[in-house]
Each structure stands twice: as C-alpha cells, then as structure tokens.
4 protein chains.
Amino acid sequence: MPKLGMEPLRRRALVAATIAEIGAVGSLEVTVSNIARRAGVSSALAHHYFGSKDKLFLAAMRAVLTDFGAEVRAALRGVRDPRQRLSAIVRVSFSETSFRPEVIAAWLNFYVHAQNSDETQRLLRLYQARLHTNLMHALRPLAGPRADTIARTTAALIDGLYIRQALRDPAPDARRAVQLVTDYLDDALAASAPLPERTPA
Amino acid sequence: MPKLGMEPLRRRALVAATIAEIGAVGSLEVTVSNIARRAGVSSALAHHYFGSKDKLFLAAMRAVLTDFGAEVRAALRGVRDPRQRLSAIVRVSFSETSFRPEVIAAWLNFYVHAQNSDETQRLLRLYQARLHTNLMHALRPLAGPRADTIARTTAALIDGLYIRQALRDPAPDARRAVQLVTDYLDDALAASAPLPERTPA
Amino acid sequence: MPKLGMEPLRRRALVAATIAEIGAVGSLEVTVSNIARRAGVSSALAHHYFGSKDKLFLAAMRAVLTDFGAEVRAALRGVRDPRQRLSAIVRVSFSETSFRPEVIAAWLNFYVHAQNSDETQRLLRLYQARLHTNLMHALRPLAGPRADTIARTTAALIDGLYIRQALRDPAPDARRAVQLVTDYLDDALAASAPLPERTPA
Amino acid sequence: MPKLGMEPLRRRALVAATIAEIGAVGSLEVTVSNIARRAGVSSALAHHYFGSKDKLFLAAMRAVLTDFGAEVRAALRGVRDPRQRLSAIVRVSFSETSFRPEVIAAWLNFYVHAQNSDETQRLLRLYQARLHTNLMHALRPLAGPRADTIARTTAALIDGLYIRQALRDPAPDARRAVQLVTDYLDDALAASAPLPERTPA
DNA sequence: AATGAATGAGGATTCATTCAT
DNA sequence: GATGAATGAATCCTCATTCAT
C-alpha cells in the first residue's frame, strides 16, 4: 500500500535500522538485506533511497553526529558559567541517547570505517573539532594556557571510556564515566587555578 | 620444496602478515588470500596451520598482547620507584613497537572483533586487567584510596589516545601522547597527595 | 497536470528516446528508467503505454523502418529511369536521417535483437524484402537475369557498410559509402549490359 | 578430483562455452553461470581464471580472431597467384569454422560490444586492418589504383553477408556467399583490367 | 610441507514491473 | 493521465574453506 511522502519516513527508518543493526551485529559486516528487513522494507528500497551501502553508512553516521550536536547545543543553551558548561558537555557525552550499547558500537565502527572512507574521516574530524571548540570555550577562562592540554585530554578520555564500554561486560555505566571525567577535570583545574574550587561529586 | 621445521616460521610469518594486512586495509575485512600472499604462502597453508580465519585473527591478537606484555615486563624490571614504574608503563604504551599505525589499526579492530568473539573479548579483558594491576601496584602508594579511579582514568585515556590516532591525520605522535598522560598523572597525584611534586615536562 | 490527447505525443517521445538511448549506450542494455527520463516521463508511464520493454523496442524498430520506408517512397516518387531509381535507393540508404551514429547503433542492435524476437525478425525480413523488391524493380531492365544477384549483393553491401560504421572510428562517411555502392553498381551493370552475358551462378 | 595443469584446459573450455552460449542465446546477455555450466565448472571458477565477465568476453573474441587469422594464414600458405589468393581469403571468410550460426552470432555481438569496450574495438579494427592488408596485397597487381576501393567493398560485402545470416532464416549458405563475393570480384576486376580473365565459379 | 583446483554460500546491486493514489 | 513507492528476481562477484596431489 504505497503512499505519498514516504521518502523521509523510509530514510529515517533505514538510518535507524542501520545503527541498530551495526549495534546488534557489532561490526560493519552487516548486510543491506538485514538492515532493510529491520526497517520493514526490501533491500532494493534501501538502494533506491541511498544508492549504496556506503552511502547508507554515511547517512547513519551523519545522523548520530547530528543528534549529538543538537543535544550538546540544547544542553549548553542558556548556560553561561564555564564550569557548568563543561559539566554539560560531559553529561551529554554520556547521555542516554548516545551512551547506549548500540550507539557505542556504531561509534566504534565508524572509527574503523574512517580508515577507508574520506567522508567518514571528515565527519569524525568535524565532531572532534566541535568538541574541542566547545571545551576550549569553557576551559579558557578556567585554565588559561593549560586549556588546550586539558581539552585534548578530556576528549581522549571520553573516547577512551567509549571504547572500553565496547567490551560490554557490564552495561555501560554512564554515571561512573561522568564521574571519572569530572574528577579528572577537578584535578586538572585545581592544578591550573590559584584557588581551586572543588565541585562536589 | 618443503623443509622441515618450517611450521613456527610460517606461523610467525602469517601472524605478522595478518597484523600488517589489517593495518594496511584498516579493517577486519581482509582476505585470507591477501594475508597469505603477504606471507608468501598459499591461503590453503594458512588454513592448514590455523584452521580458520578467526583462529588466525586470534593468534594475531595474542601476538600483539604478548609482545606488549613482554615489553611492559622488560620496562618494569628493576624499577622500584612507584612514580617511575608509572612512567614506564605509560612509555611502553606508546612505544615504537605498539604505537605504529598498523598496530593501532589492528588494536582498534580487535575491539570491534571482541563484539563477536568471546575469545577476543577475553583477551582484551586480560590486557585491561593486567594494565590495571600494574597501574594499581604503582598508584596505591602514591594515591591511596584514589588509586583505583586514577588507574581507570589512565587506562581509558591511553585507549582514547589510541583511537584518536586511528584517524591518521598526523602521524601518531607518541611524545605528545606520553606528555598528556604524564600531565594527567601529575595533576591527579598532586590532588591526591599532601605534597605534590611536579615532574618536569 | 495530465492533459488530454497526450498519448500520441508521449508515445512518440518514448520511441525517440528509445532510439536515442540505444544509440547513446550502444547496446540494448538500456533501462526503461533511462529511456523514460530521456523522454521526460516516469518509467511507469512507459509501461502504461507500451506494456513492456520489449514492446517498446519493437515500437522503436517499427518507427525506424517506417521512417526509412517513407523516405524511400518519397525519393522514388516520380522517378522513372531505372538507373536513377537505383541511385535514389542507395542515396536514401545513407541519408542523413538513417546514417547517423545513433540510428546505426540502433540498427545493429535490432539485428541482435532479432535473434530472440520473432517480431523483430519479421520486421527485418520485411525491410529486406522491400529493399529487394525495390532493387529488383530497377535492376531487371538493366541487368536481366543477373538482377537478383546484383540486388542481393547491393543489399549485403549496404548492411556491411552500416556495420562497419558501428566501430565509430571516423564519423560515418555517407558520401564515401554511396560512392562505393555506386561504383559497385557501375561495374556490375557494365558487366551485365550490352555484350557480356554472364553465366548463371 | 582436482588435478594439476588444469588451467589451460579450463580456460579453453570456458572460452568455447562463451562462444557457444552467446551463439545459443543470440546476445551478450548471457550469464557467467550458464557459461560455466556449459563448461562443466562453477561460475566461481570462471571468475577465478578470467577475473570478470568482460575479460571472458574479450578472451572469447580473441580466440575467434586468432582462429580466423590462423586459418587465413594456412590458406594463403604457398599460394602465389593473386587471384587465387583472393579466392582463398574469400573462401576462408565463409569457411566451416567461421561461418557457423554460433560464430556468426558471436561476431555480430562483438560488433555491438565494441561500442562500449575499447579493447573489443581495438580487436575488431585489428581484424579489419589485417583483412584489408591481405586483400590489398592480392588486389594491387590486379586492379592497380582501384585496389583500395575494391578491397573496401569486398570487406564490407563480407561483413554484410555475415550480418544477413544473423537472421537465420535459412541455415547459413556459405556457397552462395562465396559466389556473391566472387562474382563481385570478377566484375570489379573486369572493369579494372584491360584483359579480364574470368575465373570459373 | 605445500599448493592448485574447485566450489557453495552469500552479498551488493540493478531493473522490469506492479500498484495505489 | 501520470507517478512515487515498492519489490522479486536475477546476476556479478568474492571468499572462506576443502581436497587431491
């Protein structure tokens, strides 16, 4: 029962199915057929709308990054205090939207995919650059010349906590992840500023 | 012209070729044929010795971890001072053996592979546990109750720095990576200990 | 915004697009979608009007033959002298309408298609029969018993010159083609006329 | 029961099967699977040895041309008289090896394929060039300045007779084809030379 | 010890065709 | 009259794996 205006719906469904499938399988070795089945359509339709498996991956990745970016912007909206902005960034990095097993798995796989896809690489760099910008904006007033180092460390720490979740032993523990990064930031800022103010855990 | 005692040589060559191929291709989507060609043998021989592609992967992974473990042990041998032991661990983590593009790529891919291979998962956990043990051993005298947190943060940070190198933008910068982790440790230990002693960059 | 009386326009457009597409692609491996796009309509419409890809091909072929037939009739109209009728037939065979790369390509492909389509085969035979009739009509007074042989040779020569153009090396050279056939006819008729009487094959 | 040294056998079998299949189907729309089945092997093996469908086509075409070239050389060996050389060329063009329905169909399809394959185009040009050279060699002493025209006409005539056989109405009639070309040559040479010597049919 | 030969299974992709609107 | 939506069927191609030698 074909209807008009299905395209955006199908696209969204296929993108969601792609992320879910990558998450479920745990690698990029997913079949277009399975993704399509998950989205309730034929594999031919996936090709009809996206042209190729690779383009579908790219669309999925863009969706993940777009979602993340939107969440960050929302979380930062109206927050002026640098320390609170930092907290917001960290919190969103491990939010329920992003820090789910399937998204984590997708994320990890996108890093792998970046090794062979310029566009994926570009997207990941874009994400990193944005994160860095956001962190720097908040860190500069707090850490002065050490801002850059702290920003890089924080970003690496976040990625490291993601990759470690990929082992899936315990369910991803967002709380603990946030805590670790927060602790790190406390220490780092304490060491940078004359009058460290420790935030309560 | 088959010779006697070739087995260990072939095995080693195939394992090395596996790592190299994964590194070159940037994903686990490598073919046994290509690995075998790289090792200068037929793909049938790879199966003869390892039984399956998966077993070959596992062997490669074990080799990486074994090498790393050996390097760590060597670096720690004779070093008693906790802070120096910490430095040694960090240094080895970014040593020339491990922090090469191809090994980084292999590493990243093993994390992916772990999603579907219990044995790979077990191996990665083993690596993590050993690293944790080593870190704790050195951190306990320095950071007391905070040792665990710092150890986890350090481990995540190392993994995060690895994954970030996977984007291959600049060649892997081991020096900078070591510096970041060292800085982190300085701050963390400064915050933990009564009398922080900053190590010179 | 569908309009009334569109059918003949659409049909013509689709038929023209079919020939053009076959010519452009150089084989029958054209898609209905591409043909339809070229005609500015949806592929569904092509099916609506023609029922199937094959029927569309047939329609295109009929169009080519009809055009050719009409051109021949026009060229022969009012011409009474046998030698001039011969010339007219040859001229039309390499006229600007027919001897264009795309039509040549289509022609060649119709010969291929005839291998599997009775209807196409029938059409090509019809074309051949008509050409033969026309040639015979003009040749009988000029060559008597040799008319049949000369007619067959002329027809084969024309087809041969077509197929050779399919290699597209130089742009089709109609002038030269006409010249070759004319020369042939001159020789053949010279050998047939007044004195020499050829032995029957 | 795999044996050693199968490669050349398989290659030959696959090439023969390709020609046969194209001949049977009457177009290039044959599947590798069917070709392979005809050769008694799996489609995977066809890819193993030839790399792709297109390469297999090319190999088949080369085989056809090579066979034809060898036959021509054999027929010309030891023949010195120009008129007899001409006859030999014509005879071989319609020999039992070449003028079979399946080879005719393959031939026709190679002309089509040439529209999209540079290599096929190159091969066909090569065939044309060789034929032209052979014809010229024999015609120059007989027709002087008209040799070129006669050679081109003869070549086109041969191709035209081939394409006409593609309609398959009657089984290919080699005798008649040879006769037509011979008659043509007689006329043309009669018109060129002062003292035509008619060869007996 | 080592490999060439061979294949089954599987996956991306294409496309003619159908149908509800 | 016209089309977007949708798919089943096909086809090329790849690859891990097996086996006889």
Side-chain angles (χ1 to χ4, degrees), chain A residues 1-7 9-10 29-36 39-56, chain B residues 1-7 9-10 29-36 39-56, chain C residues 1-7 9-10 29-36 39-56, chain D residues 1-7 9-10 29-36 39-56:
Chain A
M1 313 99 198
K3 288 177 190 169
L4 284 159
M6 293 304 281
E7 175 155 357
L9 275 72
R10 296 304 192 200
E29 282 159 58
V30 294
T31 69
V32 175
S33 292
N34 284 344
I35 291 173
V41 298
S42 72
S43 71
L45 196 68
H47 281 95
H48 179 60
Y49 282 130
F50 289 94
S52 76
K53 191 186 186 182
D54 221 73
K55 298 242 188 74
L56 180 52
Chain B
M1 311 92 201
K3 290 178 190 169
L4 292 171
M6 293 301 283
E7 175 155 355
L9 275 70
R10 296 303 196 200
E29 282 159 55
V30 294
T31 68
V32 175
S33 292
N34 283 345
I35 291 173
V41 299
S42 73
S43 70
L45 195 66
H47 279 92
H48 180 61
Y49 280 134
F50 291 92
S52 77
K53 189 186 186 182
D54 222 71
K55 299 240 189 74
L56 180 52
Chain C
M1 310 94 198
K3 288 180 189 168
L4 291 172
M6 293 302 282
E7 175 155 356
L9 274 71
R10 297 302 196 198
E29 282 160 55
V30 294
T31 68
V32 175
S33 292
N34 283 344
I35 292 172
V41 299
S42 73
S43 71
L45 195 67
H47 279 91
H48 181 59
Y49 281 134
F50 291 91
S52 78
K53 190 188 187 182
D54 221 72
K55 299 241 188 74
L56 180 53
Chain D
M1 313 95 198
K3 289 176 189 169
L4 284 160
M6 293 304 281
E7 175 156 357
L9 276 70
R10 295 306 192 200
E29 282 158 56
V30 293
T31 69
V32 175
S33 292
N34 284 344
I35 291 173
V41 298
S42 72
S43 71
L45 196 67
H47 281 97
H48 179 60
Y49 282 131
F50 289 92
S52 76
K53 191 187 185 182
D54 221 72
K55 298 241 188 74
L56 180 52

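Just so it is clear: chains get the letters A, B, ... in the order the sequence lines come, proteins before strands, and each one is counted from 1. The shown structure was predicted, so the numbers you read here are calculated from the model rather than taken from an experiment.
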For a quick test of your reading: what N or O donor-acceptor pairs under 3.5 Å do the side chains of residues 43-51 of chain A make, sequence neighbours left out?
unit_1	atom_1	unit_2	atom_2	d
His47(A)	ND1	Ser43(A)	O	3.3

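Looking at the side chain of Arg10(A), the nearest of the listed nucleotides dA6(F), dT3(E), dT7(E) is dA6(F).
With DNA chain F read from its 5' end, the first of the two nearest nucleotides for Ser42(C) and Val32(D) is the one closest to Ser42(C). Comparing Asp54(A) and Asp54(C) along DNA chain E, the residue whose closest nucleotide (by nearest heavy atom) sits nearer the 5' end is Asp54(A). Each of Glu7(A) and Glu29(D) has a nearest nucleotide on DNA chain F; the 5'-most of these lies closest to Glu7(A).
Atom-to-atom, CG of Leu56(D) to C1' of dT11(F) comes out at 14 Å; the value is rounded to the nearest Å. We find that CG of Leu9(A) is positioned 14 Å from C1' of dG4(F), with the value rounded to whole Å. The separation between Ile35(C) atom CD1 and dT17(E) atom P is 11 Å, rounded to whole Å.
Proximity of residues 43-53 of chain C to DNA chain F (heavy atom under 4.0 angstrom from any strand atom) is restricted to Ala44(C), Leu45(C), His48(C), Tyr49(C).
Atom CG of Leu9(C) and atom CE of Met6(C) lie 5.5 Å apart (nearest 0.5 Å).
Within 4.0 Å of Thr31(C), counting heavy atoms only, lie sugar-phosphate atoms of the nucleic acid but no base atom.
Shortest non-hydrogen contact noted between Lys53(B) and Val30(B) is NZ-O, 2.9 Å.
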- Task: With pairs defined as Watson-Crick or G-U wobble and both distances under 3.5 angstrom, please note down DNA chain F as a dot-bracket string, | for pairing with another strand.
- Result: .||||||||||||||||||||
